[in-house]
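A note on names: the letters A, B, ... follow the listed sequences, proteins ahead of strands, and every chain is numbered from 1.
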Protein chains: 2
Amino acid sequence: MTEKTIRERKRGSGAQLVYETLREEILDLALAPGTPIDENQLAERLAMSRTPIREALVRLAGEGLVTQLPNRSTVVANIDFFNLHTFFDALTLMYRVTTRLAGEFHTAQDIQSIRARQREFARAVEGQDALAMIATNREFHAAIAEAGRNPYFTGLFCRLLDEGQRILRIYYSSFNDQLPHRYVVEHEQIIAAIEARDVNTCDRLATAHAEQIVQQIQSMISRGVSHNMPL
Amino acid sequence: MTEKTIRERKRGSGAQLVYETLREEILDLALAPGTPIDENQLAERLAMSRTPIREALVRLAGEGLVTQLPNRSTVVANIDFFNLHTFFDALTLMYRVTTRLAGEFHTAQDIQSIRARQREFARAVEGQDALAMIATNREFHAAIAEAGRNPYFTGLFCRLLDEGQRILRIYYSSFNDQLPHRYVVEHEQIIAAIEARDVNTCDRLATAHAEQIVQQIQSMISRGVSHNMPL
DNA sequence: CGATGAATTTCTGTCGACAAAGAGAATACA
DNA sequence: TGTATTCTCTTTGTCGACAGAAATTCATCG
């Protein structure tokens, strides 16, 4: 299926291909949390040696997407439902900080990029496509973070957004209520505040937006415990 | 010198050894920023194959301590003096957040650990040992972050502290003035605020402390431009 | 003498192989 | 039947080797 039938690969692209493939499968929950990753199997599937695969696994481990057990198999990182509050704390703060910095440092080009992402998000909401909403929402906020020009915050924020994507995917079927349209409106307000370089309003709106999202996730979890609760 | 004459190494410790060795040398500036890292040379020095060395390099790249140039040598990460403000922003915010969370979530055992680190820092200040001050100060704040119980913040903070350690090492000879004792006092105040679970005071003290440090680094840089200014 | 281009050398990315560690199966024992 | 022990098999960590890129050297030309 996903195999690369073409044996001709550019030098240096091997590990990158494995990295991107695994990353996508992990974030899409095609590989469920806790799933062991067999190096030999992957090597066969992607038609390459174990060396580039191990390199990709080390990178993914550095980003917290997989957990490497010494002398034992690497597994897809579990979602720690018992310490979600630390995740929410970090996510909320990064929402605030990146939006505030975007208000301070953005360029005209950043605004264009952010607006483009917002259009994609609005389109996903119109189309009732929950999976697309999750993805485009991520890109929208990543674009804002990029405009803030602080790689430390952007790095942590993107990592948190990825983690959040996995959580949201678990409950994405609950995503068809009236809330998404509210997000579109809030996004528009955030864009306006950034463009006006009103950092305090950026901060306030980002805080409110983050709390909305956190609350939605929490209600999804409390309503959907039946789905699956991995320990 | 640093070679491992003992050929008997435990399985799985190879990459770990390379990682720790390189990390220490990078943070101590034994390997200057921009220095290319030759895999073969390292393999010979540490008496092992290139495989575990490459694994360690990938990990270090994930933490931003080295930069991997495709099909070209890996180099020790440069210090971006032109964008130091992003570093200061992130560092200050993490000082605040981790100290605040420590005030909220610390246990009695955390306090013991923090106090122990503070004693080590005070000893370094008494002994006028600038290098020890840098190291023990890092450990003091890392202990506080640990007490805050948020791995996302702790992770970013430790990374920033490492980056800061490299910057401070460049100017550590300027570290023999009267300021360090002030840090000891401020540390004591921070400990008291954490122990009293007074999160607002934690926040205020951490902010002031961070600004102190940022100011000191900036004055070191402006005074010591003659040292070396890698572009 | 400086610049351009080809040949050589060096170093990285990938491969297949092997040995140790762990997981699982089979056996012995209570 | 349940538990402990040994053996086997699977899987990881490391190795040496090779091919492709890049850097370097060297030769040629203006």
message = Checking side-chain polar atoms at under 3.5 Å, does D110(B) have a donor or acceptor matched by the opposite partner on T107(B)?
response =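 Present: a donor and an acceptor within the cut-off.
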task = Would you please say whether a donor-acceptor pair under 3.5 Å links the side chains of Y171(A) and Q216(A)?
result =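 Not at all, the side chains of Y171(A) and Q216(A) share no donor-acceptor pair under 3.5 Å.
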Round to a whole Å and report the spacing from [atom1] of [X] to [atom2] of [N].
| X | N | atom1 | atom2 | value |
| --- | --- | --- | --- | --- |
| R50(B) | dT12(C) | CZ | C1' | 6 Å |
| E39(A) | dT14(C) | CD | P | 15 Å |
| L17(A) | dT14(C) | CG | C1' | 14 Å |
| R54(B) | dC11(C) | CZ | C1' | 10 Å |
| E44(B) | dT10(C) | CD | C1' | 15 Å |

request  = Have a look at I37(A) and say if it touches a base, only the backbone sugar-phosphate, or nothing, with a 4.0 Å heavy-atom cut-off.
outcome  =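 The residue I37(A) makes sugar-phosphate contact but no base contact.
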message = Is the shortest side-chain heavy-atom distance between R149(A) and E104(A) below 4.5 Å?
response =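 Side chain of R149(A) against side chain of E104(A), heavy atoms only: no contact under 4.5 Å found.
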query = When the nearest nucleotide of DNA chain D is assigned to R72(B) and to T74(A) on a heavy-atom basis, which residue is associated with the more 5' position?
reply =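 It is T74(A), whose closest nucleotide lies nearer the 5' terminus.
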inquiry  = Consider side chain to side chain contact (heavy atoms under 4.5 Å, CB included). Of R54(A), R23(A), Q16(A), which one does R59(A) pass it with?
reply    =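 When R54(A), R23(A), Q16(A) are each tested with R59(A), the side chain to side chain contact (heavy atoms under 4.5 Å, CB included) holds only for Q16(A).
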message = Does the Lys NZ or Arg CZ of R117(A) fall within the cation-pi geometry relative to F140(A) - under 6.0 Å from the ring centre and within 45° of the axis?
response =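 Judged by the rule (NZ or CZ under 6.0 Å from the ring centre, within 45° of its axis), R117(A) is not positioned above F140(A).
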inquiry  = Return whichever of N40(B) or N71(A) has its heavy-atom-nearest nucleotide of DNA chain C closer to the 5' end.
reply    =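 Taking each residue's closest nucleotide, the earlier one in sequence belongs to N40(B).
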Residue mapping more 5' on DNA chain C - nearest nucleotide basis, P52(A) or P70(A) =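 Per heavy-atom nearest nucleotide, the more 5' residue is P52(A).
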Along DNA chain D, first and last positions that approach a heavy atom of chain A under 4.0 Å =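 Contacts span dT11(D) to dA21(D), reading 5' to 3'.
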query = Hey, is D162(A) close enough to R138(A) for a salt bridge, meaning N to O under 4.0 Å?
reply =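 Salt bridge between D162(A) and R138(A), a charged N being under 4.0 Å from a carboxylate O: yes.
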